[in-house]
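A short worksheet on the structure shown next.
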Amino acid sequence: MKISVIGCGYLGAVHAASMAELGHDVVGIDIDEAKIAALSEGRAPFFEPGLPEILQSALASGRLTFSTDFAAVGGATVHFVAVGTPQKPGEYAADLTYVNAAVDALVPHLKDGDLVVGKSTVPVGTAAALSARIYANNQTASLAWNPEFLREGFAVKDTISPDRLVYGVPAGETGERASALLDEVYAAALQNDTPRVVTDFATAELVKVAANAFLATKISFINAMAEIAEVSGADVTSLADAIGYDARIGRRFLNAGVGFGGGCLPKDIRAFSARAEELGRGESVAFLKEVDAINLRRRQRVVDLVKEELGGQVYKKKVAVLGLAFKPDSDDIRDSPALDVAVQLHGLGAEVVATDPEAIENSRKRHPQLLFTDNIDTAVNRADAIVVLTEWKQFRELDPVALAEKVDNPLIIDGRNCLDPGRWRTAGWTYRGMGRP
Ligand code: UDX
């Protein structure tokens with residue numbers, strides 16, 4: 001297939017490279033010249049395991065090119081729209097500026113029979129509006145909505161071998177043709193029996209936000225249990241193990257800690273609330289406000305634990321922050337609980353020294369007031385407290401005996417419940433986890 005991908009961020013760059021890896025001819029389009037220059041040279045503009053490798057092999061095969069010029073989409077039949085839908089400043093709703101601009105820029109280049117495929121996460125109703133816009137310009141071109149469920153850190157694997165495919169298509173022949181084109185795009189995954197749900201626009205749009213709302217709710221549920229554990233002496237990690245053995249519940253996404261962040265879950269639940277209110281059904285997802293509130297309280301809880309253990313105040317205390325990315329194997333700091341906690345501690349007068357295997361550069365751009373080091377030893381040197389906020393392997397494998405020699409005060413706050421309390425306590429540390437005695 002000849003494919004174009006509009007928007008080369010976390011989603012689009014991975015999609016473009018993965019589609020070329022699967023044998024399609026792909027052109028990636030973005031308005032950001034620096035990003036296109038990097039991608040054209042085989043450099044990923046962000047950290048994503050496996051992306052540089054497939055980027056380079058696809059470029060070398062000649063099947064993948066990048067451009068800032070929309071005219072380059074002219075050779076393609078299927079056009080994926082993979083631009084961002086961030087939260088509007090000061091509001092809960094999603095900002096559709098980039099999606100609308102991408103479709104407007106694409107429309108003049110559409111040939112008869114072309115298919116536009118929305119991948120961005122959008123409020124329900126967006127696809128119908130975009131479809132009308134495309135139809136007004138070209139009555140033979142059509143639209144499908146094909147939400148993306150990739151996880152950062154596993155983005156390449158999730159794109160090449162997705163756990164399901166969802167096609168939102170119009171009724172009738174147009175929809176059948178759109179499905180057939182998407183089947184060609186995803187032939188490799190379909191050969192491996194990947195489940196495929198063909199549905200209407202509204203359902204496809206809702207599938208994505210419903211999935212993310214469910215995941216966010218699951219995390220906030222266990223964090224709410226952590227809050228109860230904290231006042232009752234229970235251990236939320238054992239609780240999660242025990243309820244997780246029930247196959248109806250499942251253990252995944254039941255890790256209590258400093259909560260969820262990233263470019264999807266927080267803004268998607270907020271945009272869902274805003275859209276539900278517009279549709280007159282705000283009460284149906286009112287619980288998502290509570291999900292958000294529980295999540296944000298966990299950040300405060302970590303700050304309070306540090307304060308409590310340091311005798312009530314952190315002023316002039318050296319706090320080593322281990323982790324800045326919103327999750328391991330990512331350099332993404334969008335709505336990162338880790339970075340948020342680091343900034344709060346700094347704001348309270350602590351001497352924060354933060355480290356992260358991949359997210360320092362992004363963090364420094366956003367918060368130049370913080371001190372950063374790429375060396376764990378430098379970060380923890382003479383620290384009054386260590387706070388683990390992203391469960392990178394490097395941090396999970398730290399040796400409590402060796403580390404005790406380096407700090408002024410052997411206090412560790414495990415914001416991700418990723419360390420073994422017994423091991424740390426035996427080595428002389430005061431260990432505090434989230435929802436654990
Ligand atoms: C998410 C969805 O999982 C994915 O399907 C969708 O396409 C995009 O949004 P992602 O943002 O990459 O993916 O991260 P995810 O792995 O879902 O983690 C989100 C956040 O939840 C992270 O901050 C993570 O640390 C946190 N989390 C996850 C927990 O706090 N506890 C858990 O048990 C699991």
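Atoms within each ligand, like the ligands themselves, are counted from 1 in listed order.
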Handout entry: Donor-acceptor contact present, side-chain Lys218 to main-chain Arg252, <3.5 Å
Key = yes
Problem - Under 3.5 Å: donor-acceptor pair, side chain of Arg436, backbone of Val236 - result: no
Which residue and atom name correspond to the protein heavy atom nearest [atom], and how close is it?
atom                    : answer
atom 1 (C) of ligand 1  : Leu265 CD1, 3.7 Å
atom 14 (O) of ligand 1 : Lys327 NZ, 3.2 Å
atom 25 (O) of ligand 1 : Arg416 NH1, 3.1 Å
atom 23 (O) of ligand 1 : Phe326 O, 2.8 Å
atom 20 (C) of ligand 1 : Phe260 CB, 3.5 Å
atom 2 (C) of ligand 1  : Asn212 OD1, 3.6 Å

Completion exercise
The answer for which part of Ile219 has a heavy atom under 4.0 Å from ligand 1 is side chain
Practice task
Hey, could you give me each pair passing ring pair (Phe, Tyr, Trp, His ring centres under 6.0 Å) that has a residue in residues 19-48? Not counting sequence neighbours.
Solution key: Tyr10-Phe46
Exercise for the section: Would you kindly check if the NZ (Lys) or CZ (Arg) of Arg334 is within the cone defined by 45 degrees around the ring axis of Phe326 and under 6.0 Å from the six-membered ring centre? Expected result: no
Handout entry: Test: Arg151 cationic atom under 6.0 Å from Phe154 six-membered ring centre, within 45° of axis
Key = yes
Numbered atoms and elements of ligand 1 in range of [X], under 4.0 angstrom, heavy atoms:
X      : value
Leu150 : 4 (C), 6 (C), 7 (O), 8 (C)
Glu148 : 7 (O)
Cys264 : 8 (C), 9 (O)
Gly259 : 23 (O), 30 (O)
Glu152 : 12 (O)
Lys208 : 7 (O)
Leu254 : 33 (O)

Fill in the blank from the handout: Of Phe253, Phe149, Phe154, the residue with the heavy atom nearest atom 5 (O) of ligand 1 is Phe149
Handout entry: Minimal non-hydrogen separation, Arg275 against Pro123, with atom names
Key = CD-CB, 3.6 Å
Inspect the contact between [Y] and [X] and indicate whether a charged nitrogen and a carboxylate oxygen are less than 4.0 angstrom apart.
X      : Y      : result
Asp95  : Lys88  : no
Arg432 : Glu309 : yes
Asp335 : Arg270 : yes
Asp183 : Arg196 : yes

